[in-house]
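Take a look at the structure below.
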Amino acid sequence: MIGGGFIGLEMAENFREAGMGVTVIEKMDQVMAPLDYTMAAIVHRHLCEKGVELILEDGVKEFKEDQEQVEVYLESGKTVKAELILLNIGVRPESQLAKSAGLKVSAAGNMVVDRYMQTSDPSIYALGDAVEVLNRVTGIQMRMPLAGPANKQGRIVADNIFSGNKEEYKGAVGTSIAKVFDLTVAAAGVNGRGLKQAGIPYLSSYTHGKSHAGYYPDAKDLTVKILFSPDNGRLLGAQVVGYGGVDKRIDLFVQVIRNNGTIYDLMEIEHAYAPPYASAKDPVNMAEYVAENILTGKVMIVHWRDITPEDTTTLVVDVRTPDEFAIGTLPGAVNIPLDELRDRLDELPKEKRIILTCAVGLRGYLAYRMLAQQGFTHIYNLSGGYRTWRDATHQQACTVPPALPDGDGMSKGSLSASPTIEVDACGLQYLGPVVQLKREYEKLQAGGQLLIKATDPGFARDISSWCHMAGAQLIGVNQENGIVEARIYKPGIATSEPCSPTLSTASANGQTIIVFSNDLDKAMAAFILANGAAAAGKKVSLFFTFWGLTILKRREKRAVKKDRLSRMFGMMLPAHSGKLGLSQLNMAGMGGWFMRRVMKQKNVYSLETLIRQAQENGVQMIACTMSMEVMGIDAEELIDGVELGGVATYLEQAERSNINLFI
């Protein structure tokens, strides 16, 4: 799919659902242009989870066709082969007829019409995708190729032709919605890029909510971004991405934008409420509460782009619980749980800039109010919390889509009759569902089942690894409409049902090596041991983390967009394995050069040869995704054959091994 707009992604979904491999190539740094980058990042992750290869910030240079396939050459030098190529790169008005008729046409090629949809020739009317109409937010005439406005214009034109110019078209705000696999993506009004181009100042905020009351079953996540005027709070744009209830919310936002309403109108919106359909305080209302706090100065905010860990004058304080903090946090953050904050104020320096963060922004706001009352003045709350930061900073492109574990359905023979407890871990992220699973599994009686639901898509992969480690039997995993559902059986000695016993050290026959260092001599030791063990018939896994990740970097550079911190890391780290130094006697790089020369003279394999042999011997090489995020290393920069994984992936391999090394 060339182009990542609405139609391109809808086509990608259909072909993927038909069982075909799909690659989406997009010239911009994001899909779906009506969205701002942070909201599009949620779509990027979902596409990768659904097995779509996503290539961003890369354009097509040329096509070359052979007998069975077409090879697509990209501007970055990468090539992609396919049997079918679809161009989804937008539309342009066909205005040659209008020009030939002498009608007024804009510089962009659109026909110019007045408020009655009448062209420069009084006897000719025009409507639809080829005309310019008023954007009700910016006040600028522009083309809006949308079916809803075109149909309304059609009725107005018909009335005006029949009875004279009595009906006016008052313009549109530009509203769009699309289904992308399990996600619904919607936008109304103008996004941040459009407002900047129009020279309109704005503020923005992120909120995370649920499709209906959280205590009612199957409440699904949705994320809201609104943009509003810093002067009077006029609502300028809204974007909603989620797994349920998105269409309802965007329609509410549209009406406020269309009527030149403000954020305060969002608070007064009266919506139909019952727990299966909404919350008493709807996500639309909550967006207003947060925006009002910003506009009235109750809280000062920063956005995810403002987080700069190298700034020594700023302290990031995560006010979530220790368990949440352990699962993942911002670089350099310290953990002071909200419940302990009042008793630990002496740990916070008043002279420093303090950024508060939590899961979605609520606890950060409460912490902000506490500190403000205690005389702290240089304090800020992270808009949207850790969830928004994580979505925006995670690896956006996806060249090796993750595969979900294969389940055997949600019931299995006699196991279906065993007692079951249900666990709702929806809303928890990263290892949160696994932590919840562990607690509940320990309470489960032998022979029982546990049915757990989670909204973190990564849980679909972690659950398989966890079951191997815990000796639990994974009966099945389903992922649908944003909810991962897994059924787990706890075997017991007295039962005759099949089970998956825990691997003992005596029966394990594997080797895992954590490669932490990027010293040349240590890297060679790791691969020598790995190749030796593989030759002896062992299953070998190399887990590369932090500095060790540089061993896996390609020699040829890939065009990858990075933030300032990631670029700094890139300049300080070795470019690839050929640039590694020695742990001793490195002598500003001379030691590494001398060692390689001696190795060549004595016919000792080079590190690159050892790496190639390891690939041929089936050695599993895993790059730690958390370390990649911290070090600013993207998947495209790694050599072919490297898998991406986290703590659960390593622990599963370690459980299967009788030798575990740290280098």
Side-chain angles (χ1 to χ4, degrees), residues 1-26 28 30-54 56 86-91 144-151 173-189 191 208-212 218-225 237-254 276-278 283-284 391 396 398 401-402 404 426 455-457 460 478-485:
M1 304 296 164
I2 311 298
F6 283 73
I7 293 177
L9 297 189
E10 288 173 348
M11 294 301 297
E13 175 186 353
N14 280 276
F15 279 108
R16 186 66 184 144
E17 292 289 350
M20 304 174 79
V22 176
T23 298
V24 174
I25 301 170
E26 170 54 51
M28 295 175 56
Q30 66 168 78
V31 299
M32 294 190 145
L35 297 180
D36 283 320
Y37 178 86
T38 309
M39 302 297 283
I42 304 172
V43 184
H44 297 165
R45 186 178 64 184
H46 190 60
L47 289 170
C48 294
E49 290 160 357
K50 291 299 184 178
V52 174
E53 181 180 11
L54 180 61
L56 299 172
L86 294 183
L87 299 178
N88 315 283
I89 53 178
V91 295
M144 293 189 184
L146 296 168
N151 277 271
V173 300
T175 308
S176 54
I177 191 168
K179 175 183 177 294
V180 183
F181 292 95
D182 298 337
L183 274 181
T184 302
V185 182
N191 61 18
H208 301 273
K210 298 290 185 181
S211 56
H212 56 249
D218 295 336
K220 298 172 183 175
D221 289 352
L222 56 82
T223 299
V224 175
K225 178 180 182 179
Q239 300 161 35
V240 187
V241 177
Y243 296 94
V246 172
D247 54 339
K248 171 180 178 178
R249 274 72 190 196
I250 201 66
D251 284 342
L252 294 176
F253 284 122
V254 168
Y277 304 104
V284 173
D391 289 339
Q396 299 296 310
C398 180
L404 297 180
C426 294
T455 51
D456 178 21
N478 285 340
Q479 186 174 15
E480 187 175 358
N481 295 326
I483 295 179
V484 178
E485 187 175 86

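Keep in mind that the numbers below use all heavy atoms, side chains included, and drop hydrogens, waters and symmetry copies.
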For the OG1 atom of Thr223 and the CG atom of Leu183, what is their distance to the nearest 0.5 Å?
9.0 Å
Just by modelled atom types, is the His46 backbone N or O under 3.5 Å from a matching donor or acceptor in the Asp182 side chain?
no
Less than 4.5 Å apart, any side-chain heavy atom of Asp36 and any of Lys225?
yes
Taking CD1 in Ile177 as the centre, count heavy atoms belonging to other residues, nucleotides or ligands within less than 6.0 Å. Is the count above 12?
yes
Would you say the side-chain atoms of Ser211 pair up with the backbone N or O of Lys220, donor to acceptor, closer than 3.5 Å?
yes
Would you give the length of the straight line joining atom CD1 of Ile25 to atom CD1 of Ile2, rounded to the nearest 0.5 angstrom?
4.0 Å
Residue pair Val31 / His44, side-chain heavy-atom distance below 4.5 Å
yes
If you measure from OH on Tyr243 to OG1 on Thr184, what distance do you get to the nearest 0.5 Å?
10.0 Å
So, do Leu222 and Val241 sit near enough that their side-chain heavy atoms are less than 4.5 Å apart?
no
Any donor-acceptor pair under 3.5 Å from Arg249 side chain to Pro283 backbone
no
From CG (Asp247) to OG1 (Thr175), nearest 0.5 Å:
12.5 Å
So, does His212 use its side chain to make a donor-acceptor pair with the main chain of Ala278 at under 3.5 Å?
no
How long is the span from the CG atom in Leu9 to the NZ atom in Lys50, to the nearest 0.5 Å?
14.0 Å
Yes or no on side-chain contact (heavy atoms from CB on, under 4.5 Å) for Arg45 and Asp391, after CA distance, side-chain angles and deciding distance?
CA-CA 8 Å; Arg45 186 178 64 184; Asp391 289 339; 3.0 Å; yes
Atom of Ala188, atom of Val254 and distance for their closest heavy-atom approach
CB-CG2, 3.5 Å
Would you call Val484 and Asn478 a side-chain contact if the rule is heavy atoms closer than 4.5 Å?
no
Nearest heavy-atom pair of Ala12 and Phe181: which atoms, and what distance?
O-CZ, 4.3 Å
Exercise: identify the closest heavy-atom pair between Val43 and Val180
CG1-CG1, 4.3 Å
Do Gln30 side-chain atoms and Met32 backbone N/O form a donor-acceptor pair below 3.5 Å?
yes
With a 3.5 Å distance limit and no angle check, can you tell me whether Arg16 reaches the backbone of Met20 through a side-chain donor-acceptor pair?
yes
Check Lys179 with Glu10, please: is the shortest side-chain N to carboxylate O separation under 4.0 Å?
no
side-chain hydrogen bond (donor to acceptor under 3.5 Å, both in side chains) assessment of Asn191 paired with Gln239:
CA-CA 8 Å; Asn191 61 18; Gln239 300 161 35; 5.9 Å; no
Least distance between heavy atoms, Ala186 atom then Val246 atom:
CB-CG1, 3.8 Å
Heavy atoms only: give me the nearest Val22-Met1 pair and the separation to one decimal.
CG1-CG, 4.1 Å
Which pair of non-hydrogen atoms, one from Glu26 and one from Gly4, has the smallest distance, and what is that distance?
OE1-N, 2.6 Å
Please check if atom OH in Tyr277 has more than 12 non-hydrogen atoms from other residues, nucleotides or ligands closer than 6.0 Å.
no
Do you know which of Val240, Val185, Ile42 makes side chain to side chain contact (heavy atoms under 4.5 Å, CB included) with Leu35?
Val185
One should read off an interatomic distance between Met11 CE and Leu86 CG, to the nearest 0.5 angstrom, of 5.0 Å
